[in-house]
Amino acid sequence: QVQLVESGGGLVQPGGSLRLSCAASRSIFSIDTMGWYRQAPGNKRELVARIRRGGSSEYAESAKGRFTLSRDGAQNTLILQMNSLKSEDTAVYYCNAFFGGYNDNWGQGTQVTVSS
């Protein structure tokens, strides 16, 4: 098991930026896959971006070119830098960590609201 604590959400105007952080209770390099998902009201939870232990990453089409995923090993933190935010990015963002073939862990979520 791993505990995940997200931070960095908030209210931002369209075109603005936010930086989300996910602090893990164990080394993030021991986790097979870490990522960010989001869920808007009435919608299913969807992948935003994820990174594998070896460093390869993938992004949703909606995130490509605007969002960047990175890892801070010293702080055991997964970071999602979001730029050029749009109203359709409004959602609750969840951090996920998956390892050991069956350990699927979620954070409590952080609200991101993009509005003028």
Side-chain angles (χ1 to χ4, degrees):
Q1 292 285 347
V2 60
Q3 281 71 51
L4 304 171
V5 180
E6 299 114 330
S7 60
L11 173 64
V12 64
Q13 292 185 341
S17 298
L18 280 175
R19 178 183 168 101
L20 304 184
S21 295
C22 172
S25 62
R26 61 185 286 166
S27 170
I28 59 174
F29 296 111
S30 71
I31 298 171
D32 294 326
T33 306
M34 287 193 75
W36 287 94
Y37 292 72
R38 68 186 182 187
Q39 187 168 17
N43 290 357
K44 293 181 179 180
R45 191 170 297 187
E46 62 179 10
L47 173 69
V48 177
R50 61 187 173 192
I51 187 166
R52 295 175 180 80
R53 183 164 50 184
S56 62
S57 59
E58 62 181 288
Y59 294 83
E61 285 297 322
S62 59
K64 288 180 181 178
R66 300 188 299 128
F67 296 1
T68 303
L69 196 60
S70 61
R71 296 179 293 184
D72 182 342
Q75 301 294 325
N76 288 327
T77 298
L78 180 70
I79 297 163
L80 182 68
Q81 178 66 44
M82 304 188 294
N83 299 325
S84 302
L85 284 161
K86 307 174 182 179
S87 58
E88 50 263 45
D89 295 317
T90 295
V92 178
Y93 284 68
Y94 297 91
C95 181
N96 174 265
F98 183 80
F99 61 98
Y102 61 92
N103 275 296
D104 196 20
N105 302 268
W106 294 90
Q108 81 284 357
T110 185
Q111 176 70 47
V112 171
T113 303
V114 184
S115 175
S116 56

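Side chains are part of it too, since the values below use all heavy atoms of this structure and drop only hydrogens, waters and symmetry mates. We number each residue from 1, following the sequence as shown. Note that this is a predicted model, so its numbers are computed, not measured.
To the nearest 0.5 Å, atom NZ of residue Lys44 and atom CD of residue Glu46 are 11.5 Å apart. With values rounded to the nearest 0.5 angstrom, Asn103 atom CG is found 8.0 Å from Phe98 atom CZ. Separation of atoms CG (Asn105) and CE (Met34) is listed at 9.0 Å; rounding is to 0.5 Å. A distance of 5.0 Å separates CE of Met82 from CG of Leu18, quoted to the nearest 0.5 Å. To the nearest 0.5 Å, the span separating CD on Glu58 from OG1 on Thr33 amounts to 8.5 Å. If you take NZ on Lys86 and OG on Ser84, they are separated by 8.0 Å, rounding to the nearest 0.5 Å.
Here Arg53 pairs with Asp32 under the salt bridge (Lys or Arg N to Asp or Glu O under 4.0 Å) rule; sequence neighbours left out.
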Counting only pairs under 3.5 Å, give me each side-chain donor-acceptor contact of residues 23-31, with atom names and distances, residues two or more places apart or in other chains.
residue, atom, partner, partner atom, Å
Ser25, OG, Gln3, N, 2.8
Ser25, OG, Gln3, OE1, 3.3
Arg26, NE, Ser30, OG, 3.0
Arg26, NH2, Ser30, OG, 3.4
Ser27, OG, Phe29, N, 3.2
Ser30, OG, Ser27, O, 2.7

Listed pairs under 3.5 Å, donor-acceptor, residues 6-14 side chains, sequence neighbours left out:
residue, atom, partner, partner atom, Å
Glu6, OE1, Gln108, N, 2.9
Glu6, OE1, Gln108, NE2, 3.4
Glu6, OE1, Gly109, N, 2.7
Glu6, OE2, Cys95, N, 2.6
Glu6, OE2, Gly109, N, 3.3

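Closest approach of Leu4 and Ala97 over heavy atoms only: CD1-N, 3.7 Å. For the residue pair Leu69 and Leu80, the shortest heavy atom distance occurs at CD1-CD1, 4.0 Å. In plain terms, the two heavy atoms of Arg38 and Ala91 that are nearest each other are CB-CB, 3.9 Å. When all heavy atoms are compared, the tightest approach of Ser17 to Asn83 is OG-OD1, 2.9 Å.
Residues Tyr93 and Val2 are members of one and the same hydrophobic cluster, defined by side-chain heavy-atom contacts under 4.5 angstrom among Ile, Leu, Val, Met, Phe, Trp and Tyr.
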**Message:** Please determine whether side-chain contact (heavy atoms from CB on, under 4.5 Å) holds for the pair Leu85 and Phe67, giving the CA-CA distance in whole Å, both sets of side-chain angles, and the decisive distance to 0.1 Å.
**Reply:** CA-CA 9 Å; Leu85 284 161; Phe67 296 1; 3.9 Å; yes
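Through chains of ILVMFWY side-chain contacts below 4.5 Å, Leu47 is grouped with Tyr37, Val92, Tyr94, Trp106. Cluster partners of Val5 are absent, since no Ile, Leu, Val, Met, Phe, Trp or Tyr has side-chain heavy atoms less than 4.5 Å from it.
Residues in residues 61-73 take part in these salt bridge (charged side-chain N to carboxylate O under 4.0 Å, His left out) pairs, two or more places apart or across chains: Glu61-Lys64, Arg66-Asp89.
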